[in-house]
Amino acid sequence: MSGSNTSPGGHCVTEVTRTTAAALKLTVAQARRRFAAVPVARLATLGPAGEPHLVPVTFTLDGDHLYTAVDAKPKTTTDLRRLRNIRRDPRVAVLADHYEADWDRLWWARAEGLAAILGEPGDRARPLELLAARYPQYRANPPAGPVIAITVARWTGWAANDEDMPSA
């Protein structure tokens, strides 16, 4: 591990866990680039009483637009809570992150914005093309459910360092 040693309790101590470590606040471009590099993110919606609801999603980015679809993976219902929540309150956040034992390599990126549910074939076509280009499973079995389209208003992120930054 880069810049690490072991504490008396046997726990790994990295540069990030030292008080002198400086965290890296990501720029919009860095956050977007790191976000795009991961295959799965977590979509947060707001329930009726303002409680968070969090689900993992596959996604694609097109500039400041993020798309995810209700796909063929088994679900307990077609009346998904995330869709009900978005219909009631379109404010969402989507989090992508990287974790490993070497805390000098940790990072996260968040996209916050407003979501819309696309159900018409013409509205779904371009997002589904983008999703199929990213995920082979969608080429073989295109999502039949609605597409969630998020217009990202804010990108934020943090990284333990600027090493291993995915290239543009």
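Heads up: numbering here begins at 1 and tracks the sequence.
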**Q** Who are the side-chain contact (heavy atoms from CB on, under 4.5 Å) partners of I117, not counting sequence neighbours?
**A** L83, I86, R87, P146
**Q** Which atoms form the tightest heavy-atom contact between A31 and A109, and what is the distance?
**A** O-CB, 3.4 Å
**Q** Identify, with sequence neighbours excluded, every residue that meets side-chain contact (heavy atoms from CB on, under 4.5 Å) alongside E51.
**A** P48, A49, R81
**Q** Taking atom CG of L130 and atom CG of L61, what is their separation to the nearest 0.5 Å?
**A** 9.5 Å
**Q** Is it the case that one hydrophobic cluster holds both L114 and L54, taking links as side-chain heavy atoms less than 4.5 Å apart, direct or via other members?
**A** no
**Q** Before giving the answer on side chain to side chain contact (heavy atoms under 4.5 Å, CB included), spell out for Y67 and L128 the whole-Å C-alpha distance, their side-chain angles and the decisive distance to 0.1 Å.
**A** CA-CA 8 Å; Y67 301 105; L128 290 177; over 6 Å; no
**Q** Give every donor-acceptor pair under 3.5 Å between a side-chain atom in residues 36-43 and any protein atom, sequence neighbours left out.
**A**
{"residue": "R42", "atom": "NH1", "partner": "D97", "partner atom": "OD1", "Å": "3.4"}

**Q** What are the two closest heavy atoms between R105 and N161, and how far apart are they?
**A** N-ND2, 4.4 Å
**Q** With sequence neighbours excluded, tell me which residues meet side-chain contact (heavy atoms from CB on, under 4.5 Å) with R110.
**A** A93, L95, W108, E112, T156
**Q** Any side chain to side chain donor-acceptor pair (under 3.5 Å) pairs touching residues 138-153, not counting sequence neighbours?
**A** T58-Y138, D71-Y138
**Q** Only pairs at least two apart or in different chains count here, so list each salt bridge (charged side-chain N to carboxylate O under 4.0 Å, His left out) that has a residue in residues 113-124.
**A** none
**Q** With D89, which residues qualify under side-chain contact (heavy atoms from CB on, under 4.5 Å), at least two apart?
**A** L46, R91
**Q** For Y135, what residues pass the side chain to side chain donor-acceptor pair (under 3.5 Å) criterion, not counting sequence neighbours?
**A** none
**Q** Taking salt bridge (Lys or Arg N to Asp or Glu O under 4.0 Å) as the definition, give me every residue that meets it alongside R32, ordered by chain and number, with sequence neighbours left out.
**A** D64
**Q** Roughly how far, to the nearest 0.5 Å, is the CZ atom of R84 from the NE2 atom of H53?
**A** 8.0 Å
**Q** Is there a path of hydrophobic side-chain contacts, each under 4.5 Å between heavy atoms of I/L/V/M/F/W/Y residues, joining L118 to V55?
**A** yes
**Q** Could you list the residues that satisfy side chain to side chain donor-acceptor pair (under 3.5 Å) with T45, not counting sequence neighbours?
**A** N85
**Q** Would you indicate whether R88, at its atom CZ, is surrounded by more than 12 heavy atoms from other residues, nucleotides or ligands within a distance under 6.0 Å?
**A** yes
**Q** Would you please name every residue forming a ring pair (Phe, Tyr, Trp, His ring centres under 6.0 Å) with F35, sequence neighbours left out?
**A** F59, W155
**Q** Who passes side chain to side chain donor-acceptor pair (under 3.5 Å) against H98, sequence neighbours left out?
**A** E100
